[in-house]
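Taking it in order: structure first as structure tokens, then the write-up.
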Protein chains: 2
Amino acid sequence: MQHFHRGHECRCPGFKMDRFVQPCMLLLLYEKPAHGYELMEKLSEFGFEDVSPDPAMVYRNLRKMEEEGWIKSQWETEGVGPAKRLYTITPEGEDAIHGWAVHVKRQLKRLKHFLERYEKIFNNT
Amino acid sequence: MQHFHRGHECRCPGFKMDRFVQPCMLLLLYEKPAHGYELMEKLSEFGFEDVSPDPAMVYRNLRKMEEEGWIKSQWETEGVGPAKRLYTITPEGEDAIHGWAVHVKRQLKRLKHFLERYEKIFNNT
DNA sequence: ACAAATATATGATAATAACATATATATGGG
DNA sequence: CCCATATATATGTTATTATCATATATTTGT
């Protein structure tokens, strides 16, 4: 038996949207090359306050995107702090952003329709 | 190596949002009791044209929600056509709708932020 | 008699998300 | 000097989800 809401805990995995950090990180990298930790913190700008900072989410998606050829990295051993990978976006990565945008628009439409219908019924504001 | 876009095929699974059909079906059932096939068709209203009609998606989610106690079903052998399960929403199911609405609002915020930022950069309309 | 539409259901597998954990360096305070 | 904390990256494991294919049966129209 599955439980998506037990007590105060919420178990609606479908809306955690781990994958959505990919286009978000791509946008951030398009704006400016950065390393993982930096991206992890900046994700809060996109409304991931409740999820981040989650290193696993960020680094695993960075690896995936590098495999895809959407981003590339180089080690930075100079400067303060431990060695870091500096990520930059590739032309393929830019294409991917546009691909994601299509899905985002479609999903936005779905969510809006749901909310309109929901509020019509339950009269919420 | 993973490929989310091969040729014309799109492989962005994160945005297919199978789980999102749950709150949509709950809303439909709140409006009026229905059976699976009916729900499957009505899902297009929520913008699932590209996914539905997908029997697996609909029936499996209905089973899950019945396990959760959000909906209940009874066989209808009378009337035209093959036997069908008539689903009705429970009070727990109504609670679940409100729970989902919270996630939908949060996700909507994220998607909007992404799109605003995206369009600011690429000047799309 | 047969095709198509209606209706429900599941098996198998690929992909994702969630959680815990491991690692190392640097910095500031006591 | 030592320790806690912040910085920084990385992976193993397991649970959950999504996708695709397929199975079943009834009814309606031709």
Side-chain angles (χ1 to χ4, degrees), chain A residues 1-6 9-23 25 34-43 48 50-68 71 73-87 103 107, chain B residues 1-6 9-23 25 34-43 48 50-68 71 73-87 103 107:
Chain A
M1 184 141 138
Q2 294 174 63
H3 293 280
F4 300 124
H5 294 92
R6 341 175 202 239
E9 240 185 307
C10 176
R11 313 281 294 170
C12 294
F15 271 93
K16 296 259 172 96
M17 294 292 293
D18 185 280
R19 275 295 305 279
F20 182 52
V21 300
Q22 287 195 12
M25 292 198 291
H35 50 269
Y37 202 82
E38 221 178 318
L39 292 170
M40 189 166 68
E41 291 190 316
K42 280 194 182 172
L43 276 176
F48 285 97
D50 53 327
V51 203
S52 68
D54 182 352
M57 183 171 74
V58 170
Y59 291 108
R60 235 194 273 276
N61 276 301
L62 283 172
R63 291 309 199 90
K64 274 186 202 167
M65 293 199 291
E66 195 163 17
E67 273 180 46
E68 286 289 313
I71 55 176
S73 68
Q74 58 195 89
W75 280 104
E76 273 206 339
T77 44
E78 292 166 44
V80 295
K84 50 192 97 169
R85 276 181 196 274
L86 186 74
Y87 284 96
H103 295 292
Q107 185 62 7
Chain B
M1 184 140 136
Q2 293 173 66
H3 294 279
F4 300 125
H5 293 93
R6 340 175 204 239
E9 240 184 304
C10 177
R11 313 281 294 170
C12 296
F15 271 92
K16 296 262 173 92
M17 294 292 293
D18 185 280
R19 277 293 305 279
F20 182 53
V21 299
Q22 288 194 12
M25 290 197 294
H35 50 269
Y37 201 83
E38 222 178 318
L39 292 170
M40 189 165 69
E41 293 190 314
K42 280 194 181 174
L43 276 177
F48 286 96
D50 53 328
V51 203
S52 67
D54 180 353
M57 183 171 75
V58 169
Y59 292 108
R60 236 194 273 276
N61 276 301
L62 283 171
R63 292 309 199 92
K64 275 186 202 168
M65 292 199 291
E66 193 163 18
E67 274 179 45
E68 284 290 312
I71 57 176
S73 68
Q74 60 195 87
W75 280 104
E76 273 207 338
T77 43
E78 292 166 45
V80 293
K84 49 191 99 168
R85 277 179 195 275
L86 186 74
Y87 285 96
H103 295 292
Q107 185 62 6

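All chains are named by letter (A, B, ...) in the order of the sequence lines, taking the proteins before the strands, and each is independently numbered beginning at 1.
Between R63(A) and dA10(D) there is a side-chain N or O to OP1 or OP2 distance below 4.0 Å. The side chain of Y37(B) contributes an N or O atom lying less than 4.0 Å from OP1 or OP2 of dT6(C). Listed pair R85(B) / dT8(C) fails the phosphate criterion, with no side-chain N or O lying under 4.0 Å from OP1 or OP2. Look at Y59(A) and you won't find any side-chain N or O under 4.0 angstrom from OP1 or OP2 of dA10(D).
For M57(A) and dA10(D), the CE to C1' distance is 15 Å, given to the nearest whole Å. The CD-P distance, from E76(A) to dA8(D), rounds to 10 Å in whole Å. For the pair Q74(A) CD and dT9(D) C1', the computed distance is 16 Å after rounding to whole Å. In this structure, F20(A) places its CZ atom 16 Å from C1' of dT16(C), rounding to the nearest Å. Atom C1' of nucleotide dA10(D) and atom NE2 of H35(A) are separated by 15 Å, given to the nearest angstrom. Between L86(B) atom CG and dT6(C) atom C1' there is a gap of 16 Å when expressed in whole angstrom units. As a whole-Å value, the separation of L39(B) CG from dT6(C) C1' is 14 Å. Taking atom CE of M65(A) as the reference point, atom P of dA10(D) lies 13 Å away to the nearest angstrom.
Between I71(A) and L62(A), the shortest heavy-atom contact is CD1-O, 3.4 Å. Between R19(A) and N61(A), the shortest heavy-atom contact is CD-OD1, 4.3 Å. Between Y59(B) and Y37(B) the shortest heavy-atom distance is OH-N, 3.4 Å.
Between N61(A) and A56(A), the residue whose closest nucleotide on DNA chain C is further toward the 5' end is N61(A). When the nearest nucleotides of DNA chain C are assigned to E38(B) and R60(B) by heavy-atom distance, the more 5′-ward of the two goes with E38(B).
By the salt bridge (charged side-chain N to carboxylate O under 4.0 Å, His left out) test, E38(B) pairs with K32(B), sequence neighbours left out. Residues satisfying the side chain to side chain donor-acceptor pair (under 3.5 Å) test with E76(A), not counting sequence neighbours, are none.
The side chain of R19(B) sits closest to dT17(D) out of dT17(D), dA10(D), dT8(C).
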